[in-house]
Engineer: 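Would you mind keeping the following structure in view while I ask a few things?
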Number of protein chains: 2
Amino acid sequence: MKVSFDLLRSESPGLFEDGCPTRAVLDHVMSKWGVLVLMALTDGTRRWGELRRTVDGVSEKMLASTLRTLTADGLVTRTSYPEVPPRVEYALTPLGEELMERMMPLMAWIGDNAAGILESSRGR
Amino acid sequence: MKVSFDLLRSESPGLFEDGCPTRAVLDHVMSKWGVLVLMALTDGTRRWGELRRTVDGVSEKMLASTLRTLTADGLVTRTSYPEVPPRVEYALTPLGEELMERMMPLMAWIGDNAAGILESSRGR
DNA sequence: CGGGATCCGTTTCGATACTG
DNA sequence: CAGTATCGAAACGGATCCCG
């Protein structure tokens, strides 16, 4: 059966209304850098510097802020090793893995169709 | 098999790099209002005023701008009827339907898990 | 009813410099 | 190496007025 917005709301009324927790999660998870960081972590544990290189174009400020948000949301773990030089590793939590299982098909589709989508909007 | 970022990039190198078309699509589709408008359209054709009410909290400016972007991207159709008073209807294109088939499972998961996700980040 | 145009405060973001 | 601090530019977003 087709999954529609009405169907989701019939199961839990008030879903995705203004102020609903889902709105906050949506903002964190679907944000420009949030998606890209989460995606980079689908390959497994990554160090700060690796993420900085993998997530092409991200500034240190945005990477730090994004990782802090995702960690606070319980989607990403941060492990700091008391060494010199310092080493910090990030990884998906089980919750984050669950999320990405559902997001990766979407990203794969976008990867396949992005060129076609932007054909019509060239020049804006 | 598990779908990871590396796997996607092994199929098409340079995916989701800065300046790649996928980045633009990501920004349009995963934007705060873009997601909500697309979701509202999974229920079928909707008039401007319906969308304004359904997408709780959206301003006229943002709704107009979001719909213009999604229409230019070929994900949404805009049909204007030459009547008085004017009537304009929006609907998903086949491409938009395909996209939402992949996005709705994600939204359903967020709906189920949002409360738990935000538990740990309360107070930020 | 369905927008477009404009003004303007707020927030976001990137670049740079600095620190443990 | 892994961040934080600060600043200016830019984008976002709401309010308002207008029009077909």
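Protein chains get the first letters and strands the later ones, always in sequence-line order, with residue 1 at the start of each. Because the structure is predicted, anything quoted here is derived from the model rather than measured.
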Engineer: Identify the heavy atoms of Leu70(B) and Gly34(B) that sit nearest to each other, and give their distance.
Structural biologist: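 Shortest heavy-atom separation between Leu70(B) and Gly34(B) comes out as CD1-O, 4.2 Å.
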Engineer: In whole Å, I'd like the distance from the CG atom of Leu63(B) to the C1' atom of dG14(D).
Structural biologist: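 Roughly 14 Å, once rounded to whole Å.
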Engineer: Whole angstrom is fine here: how far is it from CZ in Arg68(A) over to P in dA2(D)?
Structural biologist: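 Between P of dA2(D) and CZ of Arg68(A): 16 Å.
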Engineer: Give the first and the last nucleotide of DNA chain C, reading 5' to 3', that has any atom under 4.0 Å from a heavy atom of chain A.
Structural biologist: dC13(C) to dG20(C)
Engineer: In whole angstrom, what separates His28(B)'s NE2 from dA11(D)'s P?
Structural biologist: 13 Å
Engineer: For DNA chain C, whose closest nucleotide is more 5', that of Trp33(A) or that of Glu60(A)?
Structural biologist: Trp33(A)
Engineer: Tell me, which of residues 78-91 of chain B have any heavy atom that sits under 4.0 Å from an atom in DNA chain C?
Structural biologist: Arg78(B), Pro85(B), Pro86(B), Val88(B), Tyr90(B)
Engineer: With the threshold set at under 4.0 Å for non-hydrogen atoms, list the residues of residues 49-57 of chain A touching DNA chain C in residue-number order.
Structural biologist: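 Under 4.0 Å from DNA chain C: no residue of residues 49-57 of chain A.
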Engineer: Would you say Thr93(A) and Val76(A) make side-chain contact, with heavy atoms under 4.5 Å?
Structural biologist: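 In short, these two side chains do not touch, never coming nearer than 4.5 Å.
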Engineer: Can you find a pair of side-chain heavy atoms, one from Val35(A) and one from Met103(A), that are under 4.5 Å apart?
Structural biologist: yes
Engineer: Can you tell if the side chain of Asp73(B) reaches within under 4.5 Å of the side chain of Val29(B), non-hydrogen atoms only?
Structural biologist: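 Heavy-atom side-chain distance check fails, nothing below 4.5 Å.
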Engineer: What is the distance, to the nearest angstrom, from the NZ atom on Lys61(B) to the C1' atom on dG13(D)?
Structural biologist: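 Result: 6 Å.
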Engineer: For Val3(B) versus Met104(A), what's the shortest heavy-atom pair and its separation?
Structural biologist: O-CG, 3.6 Å
Engineer: Using a 4.5 Å cut-off on heavy atoms from C-beta on, say whether the side chain of Phe16(A) contacts that of Met107(B).
Structural biologist: yes
Engineer: Taking the side chain as every heavy atom from C-beta outward, state whether Leu36(B) and Thr54(B) have any atom pair closer than 4.5 Å.
Structural biologist: no
